[in-house]
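Note: hydrogens, waters and symmetry copies are ignored here, and every other heavy atom, side chains too, is used. Please read these numbers as outputs of a predicted model, since none were measured by experiment.
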Amino acid sequence: MKGMVFTEFLEMVESTFSADMVDDIIGDSAPPSGGAYTSVGTYDHQELVGMVTALSARSGLPVPALIHGFGTHLFGRFHALYPRFFEGIPSAVDFLFGIESVIHTEVRKLYPDAQLPSFDCVRRDDGLDMVYASPRHFGDLAEGLIGGAIAHFGDPLGLTRVNLPDGSIQFELRQKS
């Protein structure tokens, strides 16, 4: 997993909780990297899992809620850091439909070693279906990112999550009536 995800997670923890909490969760989880991340480095996703688990233990908040909240936060950071990906995009459905063909294509150019999740998207008359698959199983993070996109664009969309038998997740975005 790219280091940018780790650095953004630690920045979120610091701004939401405190710098001491960052030190505490790094100490509690004892990641092999020592908790020193660079945005362009690549790290085992289990280090992030360990820190989220430690944050859950210290904060009393459930792991899924923390990961989901981080996804929402991360979408905002992506918008701030990469505004060109949002230029001329009128809606969350249009943005999310282009994840594989636009965003992930560009990420792979910048970071050929990036191991990205996959999103198989199908447009519907009333929205979008997205099937998320990843060996890292960060469905809560994906859901937070999708929710962040919906909020960013201000679209009247409902989001439903369906866990599929093969371990993938279908996200259904539908126009609210």
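- Applying the ring pair (Phe, Tyr, Trp, His ring centres under 6.0 Å) test between F9 and each of F70, Y43, F17 identifies F70 as the sole match.
- The aromatic rings of Y132 and F119 sit tilted, their planes meeting at an angle between 30° and 60°.
- M51 is not listed as a side-chain neighbour of V13, based on a closest heavy-atom distance of 4.5 Å or more.
- There is no path of hydrophobic side-chain contacts, each under 4.5 Å, that joins V122 to F97.
- Here OG1 of T7 is found 8.5 Å from CZ of R77. Values are rounded to the nearest 0.5 Å.
- At a threshold of 4.5 Å between side-chain heavy atoms, the hydrophobic network of Ile, Leu, Val, Met, Phe, Trp and Tyr places I146 and L116 in one connected group.
- Criterion: ILVMFWY side-chain heavy atoms under 4.5 Å apart, direct or through other members. Under it, I103 and V131 are not part of a common hydrophobic cluster.
- A heavy-atom distance below 4.5 Å is found between the side chains of L48 and F138.
- No side-chain heavy atom of L157 sits under 4.5 Å from any side-chain heavy atom of K176.
- If you look at H152 and F86, their ring centroids are closer than 6.0 Å.
- Distance CD1/I99 to OG/S118: 12.0 Å, rounded to 0.5 Å.
- In this structure, M12 is a member of the same hydrophobic cluster as Y82, with clusters built from ILVMFWY side-chain heavy atoms closer than 4.5 Å.
- T42 contributes no side-chain N or O that, together with a main-chain N or O of K2, makes up a donor-acceptor pair within less than 3.5 Å.
- No donor-acceptor distance shorter than 3.5 angstrom exists from the side chain of S56 to the backbone of V52, with no hydrogens or angles considered.
- For the atom pair CD of E143 and CG of L159, the computed distance is 5.5 Å after rounding to the nearest 0.5 Å.
- The closest donor-acceptor contact from the side chain of T72 to the backbone of G148 lies at 3.5 Å or more, if one exists at all.
- A salt bridge is defined here as a Lys NZ or Arg NE, NH1 or NH2 lying under 4.0 Å from an Asp or Glu carboxylate O, and E87 with R84 fails to meet this definition.
- Annotation for P117 and E100: closest pair O-OE2, 3.4 Å, computed over non-hydrogen atoms.
- Not one N or O on the side chain of T160 forms a donor-acceptor pair closer than 3.5 Å with the backbone of F171.
- Of the possible donor and acceptor atoms, one in the side chain of R174 sits under 3.5 Å from a partner among the backbone N and O of L128.
- For the atom pair OG (S59) and CD1 (I25), the distance works out to 9.5 Å, reported to the nearest 0.5 Å.
- Taken from CZ in R161 to CD1 in I169, the straight-line distance is 4.0 Å, to the nearest 0.5 Å.
- Within the 4.5 Å cutoff, the side chain of L145 has heavy atoms near those of the L74 side chain.
- We find that R136 and D44 are not joined by a salt bridge, their nearest charged nitrogen and carboxylate oxygen being 4.0 Å or further apart.
- Judged by distance alone, with hydrogens and angles left aside, the side-chain atoms of S15 form a donor-acceptor pair with the main-chain N or O of E11 at under 3.5 Å.
- Heavy atoms of other residues, nucleotides or ligands lying less than 6.0 angstrom from CD of E106 number more than 12.
- H45 NE2 to L141 CG: the interatomic distance, rounded to the nearest 0.5 Å, is 11.5 Å.
- Cluster membership check: V49 shares its hydrophobic cluster with I26, using side-chain heavy-atom separations under 4.5 Å among Ile, Leu, Val, Met, Phe, Trp and Tyr.
- For the pair D23 and E14, the minimum side-chain heavy-atom distance is 4.5 Å or more.
- Side-chain polar atoms of S18 and D20 form no donor-acceptor pair below 3.5 angstrom.
- The main-chain N or O of A54 is never found under 3.5 Å from a side-chain atom of D28 such that the two would form a donor-acceptor pair.
- Taking the six-membered ring for Trp and the full ring otherwise, F95 and F75 have centroids separated by under 6.0 Å.
- When side chains are defined from C-beta on, Y37 counts as touching P31, because their heavy atoms get closer than 4.5 Å.
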